[in-house]
Amino acid sequence: MRKRRSYRKRLITMGILLAMLLILMIVFFVLPFLPLTENKKKQCLAEVEYDRCYTLLINGKSRLYINDLGLGDVQTVVTADIDSVRWLHTTLKGVWINKYLFLPINDGRLVVANPDYQMDEKLAVYNQRIDTLIKRNIVRLEKSLNHIKKVERDVNYYLDVNNVTDIGYNSIATIASKIIETRQQREHTLALLKSITTQQQVEIKIIQRYTLIERDDSGHVQRTACRILENEMPSDYYTIETEDRHKSKGAHSIYHNITTADFVKETIKTAPLKMSSKVYEGEMSDGKREGHGMYYDDDGNFYDGFWKDDKREGFGFAIDTIGRLRAGEWKADVYQGERMTYTADRIYGIDISRYQHDIGKKKYAINWEKVRISHLGTISNKKIRGDVDYPISFCYIKSTEGKTIKNNYYNADYTKAKKVGIRCGAYHFFSTKSNASEQARWFLQNTHFQKGDLPPVLDVEPSGSQIRAMGGSEAMWNAIRTWLTTVEKTVGVKPLLYVSQNFVNRYMEDAPDIKRDYRVWIARYGEYKPDIKLAIWQLCPDGRVSGIHGHVDINVFNGYNDQYEDFLEENCIP
C-alpha cells in the first residue's frame, strides 16, 4: 500500500511538472508568436521626440555645435553652447518591446526609427570638405553679427524713447538682453572658428537624442530622456531605453520577433527629415495660432505677441529680416503701428504760421501767457490717460517759404514765446520752383538763431506732379541736400526734415543717406505712431490750445524727459 501511494504521488508530481513544462513551453514558444490584437497594438504605441544636431570636435574635444550641415547657408547656426543650438526636432512613433526574446520583461525598452541612419556617409563627405564649411561659416557669422548689431541698435532706440509704463516695454527689454547674449555667443563662436589651424584635427559628428513623451488625462506632458542601446552599426531603427527603465503606465510591451516585425516596421517608419525654418511656440486652438505666442524662422523674422485665427492680432513686436523693430498693434497680420498712450509725462509742442492769426477775414493775436494744450483733435482715435491739459514745451514757427515769402508774424511770435519759457525753432517751407541755394539764403537772412534754439526744419510737402515737374525724385533730393548742407554749415547743427507719412512711403527710400543722417519730423494723422525713427510726430492738425484761436497742429516728442534733454543738448543751436 505504501508503495502504491508513493508511486501515485510520483505520478501526480510528474503530471504537475509536465503541466508546468507545457505551460512554460506555451509561454516561451507559443505566446510570443501569437498575432497581436488591435487593442494590444494600440497599447504598445508610444510618442517619442527625436532631436539631432552636430558637434565640431577639435583634437577630439567638442568645441562647437551646428544645427544643420548647410555649408554656410542661411539655416546653418554654429554656436559654442549646446543649449543655444537649434536642434532639428520631430516626433516619432515608438513601440514598447520586451527585453528578452521569450521573457515578458520590458525594462523601459522601445523600438524607434533612426531618421539619420544614412548620415555616416554624408558626414564622411562633409569631413572631407571641413575647410569649406569653416570658411563659409566665418563669412556667414560676420554677416549675422552685422544684422544682430542693427537689431540691437533698433531695440535700444525703442527702449530709449519709451519707458516702463508703455505697453510691451518690459517684454522688449527682455528681448534686448537676449539679443546681447546672442551677439556675445556669436562673437565667441566666430573667434573660435578663426582660431582653428591646419595643425589641429577637426571632425564633425552627429548627436542624437530621444525623449519619451507621456500625457496624462489633463493633457500635461512628462518627458523622460532615453538612451540609445543599439548604435554600433548604422541602422534604420534603434532600440532605446528610458532612463528610469520603466514603461508608461497602462502600456503593453510586445515580443520583437518575426510575427511582430512587419507591424513594428510599419509603425515606426518615418519619412526623411527636413529642417524646419519656421517655429511657433505658444497657444493654439483648432490647430491655429490663438492667444499669445512666439514665432521665429531662420531668415531672421521674429514675432512675440498675440494671435487670432492664425494671424498676428493685438499688441506684439516683430523683428524682420533687415533688423527693423516693429512694436505696437497688429490687425489681420498687418502692422498698424505703436498705439501711444497720451499722458502729462509726454513732451508736447505746437507749430504755427500766419494761419493761427489770420482766420477768414479776422486777425487774432496769441495770448502766450495762457497757451496750454486742451484737446488732441478728433481726426483719429487716441488713448488718453487723464485730462488733456498739457504744457507746451516747444514751438516751431514758420519763418520763410521759397526765396521771397516770409511770415510777418514770425518775429513777434518768436519773441513772445521765448519770453514765457517755450523753446522755439523755425521752419522753411520748401518750394519746388525756386533754387535751393537761394531758398537757404532767404531762410538764413530772415530767421533768428540764438543759442539754445531748436534746430532749423525744412518742411517738404510737394505733390507728385510738382516733383515730376522739377525733374523727379533724384532732382528733388539733390535740392533738399543743398538746402540742408547750406543751412547746417551756417548754423552749426543738422536741420530736421519735416515730411508726411505718404512722402516717407513713396520717396524716402530714394535717399538712404538722408534717412540715415537726418532726424525726421513727420506728419501722420492716424491712430498709430509712425513706424520710423523720428524726432517729432505731428499727431493732429485739429488740436486746441488755450490762448490760440482756431485749430493748431499738435506735436509730441518721440521720447520722455531724459531723451528730450539729450535731444536739446545734442541738436540745439550752439
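Side chains included, hydrogens not; waters and symmetry mates left out as well; all remaining heavy atoms used.
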Going through the checks in order, is the side chain to side chain contact (heavy atoms under 4.5 Å, CB included) test met by Val545 and Ile366? CA-CA 10 Å; Val545 176; Ile366 294 176; over 6 Å; no

Before giving the answer on side-chain hydrogen bond (donor to acceptor under 3.5 Å, both in side chains), spell out for Ser473 and Asp510 the whole-Å C-alpha distance, their side-chain angles and the decisive distance to 0.1 Å. CA-CA 7 Å; Ser473 177; Asp510 296 341; 2.8 Å; yes

Salt bridge (Lys or Arg N to Asp or Glu O under 4.0 Å) between Asp453 and Lys418, worked out: CA-CA 9 Å; Asp453 284 352; Lys418 290 194 66 170; 3.1 Å; yes

Working for side chain to side chain contact (heavy atoms under 4.5 Å, CB included), residues Glu329 and Glu338: CA-CA 6 Å; Glu329 298 286 330; Glu338 180 184 348; over 6 Å; no

Going through the distances and angles, do Gln538 and Tyr396 end up as a side-chain hydrogen bond (donor to acceptor under 3.5 Å, both in side chains)? CA-CA 11 Å; Gln538 187 182 92; Tyr396 268 102; over 6 Å; no

Given the rule in the salt bridge (Lys or Arg N to Asp or Glu O under 4.0 Å) test, do Arg372 and Asp389 qualify, once you have shown the distances and angles that lead to the verdict? CA-CA 6 Å; Arg372 286 181 74 88; Asp389 182 23; 2.9 Å; yes

Take Tyr390 and Tyr348 through the ring pair (Phe, Tyr, Trp, His ring centres under 6.0 Å) test and state the conclusion after the steps. CA-CA 7 Å; Tyr390 305 145; Tyr348 297 95; 4.3 Å; yes

Quick one: do Asp351 and Lys398 satisfy salt bridge (Lys or Arg N to Asp or Glu O under 4.0 Å)? Show the steps, please. CA-CA 8 Å; Asp351 61 276; Lys398 181 178 179 180; over 6 Å; no

Could you go through Trp477 and Phe503, starting from their C-alpha distance and side-chain angles, then the distance that decides it, and tell me whether this counts as ring pair (Phe, Tyr, Trp, His ring centres under 6.0 Å)? CA-CA 12 Å; Trp477 283 116; Phe503 184 91; 5.6 Å; yes

Go through the steps for Asp553 and Ile352 under the test side chain to side chain contact (heavy atoms under 4.5 Å, CB included), then give the verdict. CA-CA 7 Å; Asp553 295 339; Ile352 60 173; over 6 Å; no

With side chain to side chain contact (heavy atoms under 4.5 Å, CB included) as the test, would you mind laying out the steps for Tyr303 and Ile319 before giving the verdict? CA-CA 7 Å; Tyr303 174 79; Ile319 299 170; over 6 Å; no

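Residues His551 and Arg544 form a side-chain contact, since some pair of their non-hydrogen atoms from C-beta on lies under 4.5 Å apart. Using a 4.5 Å cut-off on side-chain heavy atoms (C-beta onward), Cys395 and Leu454 make no contact. Looking only at side-chain heavy atoms (C-beta outward), Ile554 and Ile350 come within less than 4.5 Å of each other. Counting only heavy atoms from C-beta outward, the side chains of Ser393 and Tyr564 approach each other to under 4.5 Å. Looking at Asp513 and Arg516, their side chains come closer than 4.5 Å, going by heavy atoms from C-beta outward. Inter-residue side-chain proximity for His292 and Asp304 is flagged as met; some heavy-atom pair is nearer than 4.5 Å.
Defined by atom type and a distance below 3.5 Å, a donor-acceptor pair is missing between the side-chain atoms of Gln439 and Asn435. Between the side chains of Glu461 and Tyr498, no donor-acceptor pair is found at a separation under 3.5 Å. When only modelled atom types and interatomic distance are considered, Asp542 and His375 share no side-chain donor-acceptor pair under 3.5 Å. Between the side chains of Tyr157 and Asn558, at least one donor N or O sits under 3.5 Å from an acceptor N or O. Under 3.5 Å, the side chains of His549 and Gln356 contain no donor-acceptor pair of N or O atoms. Judged purely by distance below 3.5 Å, without hydrogens or angles, the side chains of Trp521 and Asn555 pair a donor atom with an acceptor atom. A donor and an acceptor atom, one from each side chain of Thr400 and Asn446, are nowhere located under 3.5 Å apart. Side-chain atoms of Tyr342 and Arg385 form no donor-acceptor pair, as typed in the model, at a separation below 3.5 Å.
The local environment of CG in Asn170 is crowded, with over 12 non-hydrogen atoms from other residues, nucleotides or ligands closer than 6.0 Å. Counting non-hydrogen atoms of other residues, nucleotides and ligands closer than 6.0 Å to CD of Glu509 gives a total of 12 or fewer. The local environment of CG in Asp387 is sparse, with at most 12 non-hydrogen atoms from other residues, nucleotides or ligands closer than 6.0 Å. Applying the 6.0 Å contact sphere to CD of Gln445 captures more than 12 heavy atoms from other residues, nucleotides or ligands. Enclosure of atom NE2 in His147 by more than 12 non-hydrogen atoms of other residues, nucleotides or ligands within 6.0 angstrom is indicated. Other residues, nucleotides and ligands place more than 12 heavy atoms under 6.0 Å from the CD atom of Gln466. Within 6.0 Å of the NZ atom in Lys416, the count of heavy atoms belonging to other residues, nucleotides or ligands does not exceed 12.
In this structure a side-chain-to-backbone donor-acceptor pair under 3.5 Å is present from Trp537 to Arg524. Side-chain N or O atoms of Thr447 include none that pairs as donor or acceptor with a backbone N or O of Leu444 at under 3.5 Å. Side-chain atoms of Arg423 come within 3.5 Å of backbone N or O of Gly452 as a donor-acceptor pair. A donor-acceptor pair under 3.5 Å links the side-chain atoms of Thr189 to the main chain of Ala80, judged by distance alone. At distances below 3.5 Å, at least one donor-acceptor pair connects side-chain atoms of Thr485 with backbone N or O atoms of Thr482. In this structure, the side chain of Thr182 engages the main chain of Lys178 through a donor-acceptor pair within 3.5 Å. A distance-only check finds a donor-acceptor pair linking the side chain of Gln563 to the backbone of Tyr560 [under 3.5 Å].
Figure legend: Arg326 and Phe317 shown without cation-pi pairing, the cationic atom not lying both under 6.0 angstrom from the six-membered ring centre and within 45 degrees of its axis. Cation-pi contact between Arg289 and Tyr280: present, with separation from the ring centre below 6.0 Å and deviation from the ring axis of at most 45°.
Proximity of the aromatic rings of Trp483 and Phe443 is defined here by a centroid distance below 6.0 angstrom, and this criterion is met. Here the two rings, on Phe302 and Tyr296, have centers that are 6.0 Å apart or farther.
Between Lys308 and Glu313 there is no salt bridge, since no side-chain N of the basic residue sits under 4.0 Å from a carboxylate O of the acidic one. Salt bridge status for Glu152 with Arg183: present, with a side-chain N to carboxylate O gap under 4.0 Å.
Glu142 pairs in a salt bridge (Lys or Arg N to Asp or Glu O under 4.0 Å) with only one of the listed residues (Lys194, Arg136, Arg186), which is Lys194. Under the ring-ring contact (aromatic ring centres under 6.0 Å, His included) rule, His357 has a single partner from Tyr409, Tyr410, Tyr364, which is Tyr409.
Here the straight-line distance linking atom OG of Ser353 with atom CG of Asn408 works out to 11.5 Å at 0.5 Å rounding. Residue Asp160 holds its CG atom at 10.0 Å from CG of Asp562, rounded to the nearest 0.5 Å.
Every residue two or more places apart in sequence or in another chain that forms a side-chain contact (heavy atoms from CB on, under 4.5 Å) with Lys143 is listed here: Val139. For Lys150, the side-chain contact (heavy atoms from CB on, under 4.5 Å) partners are Arg153, Asp154, not counting sequence neighbours.
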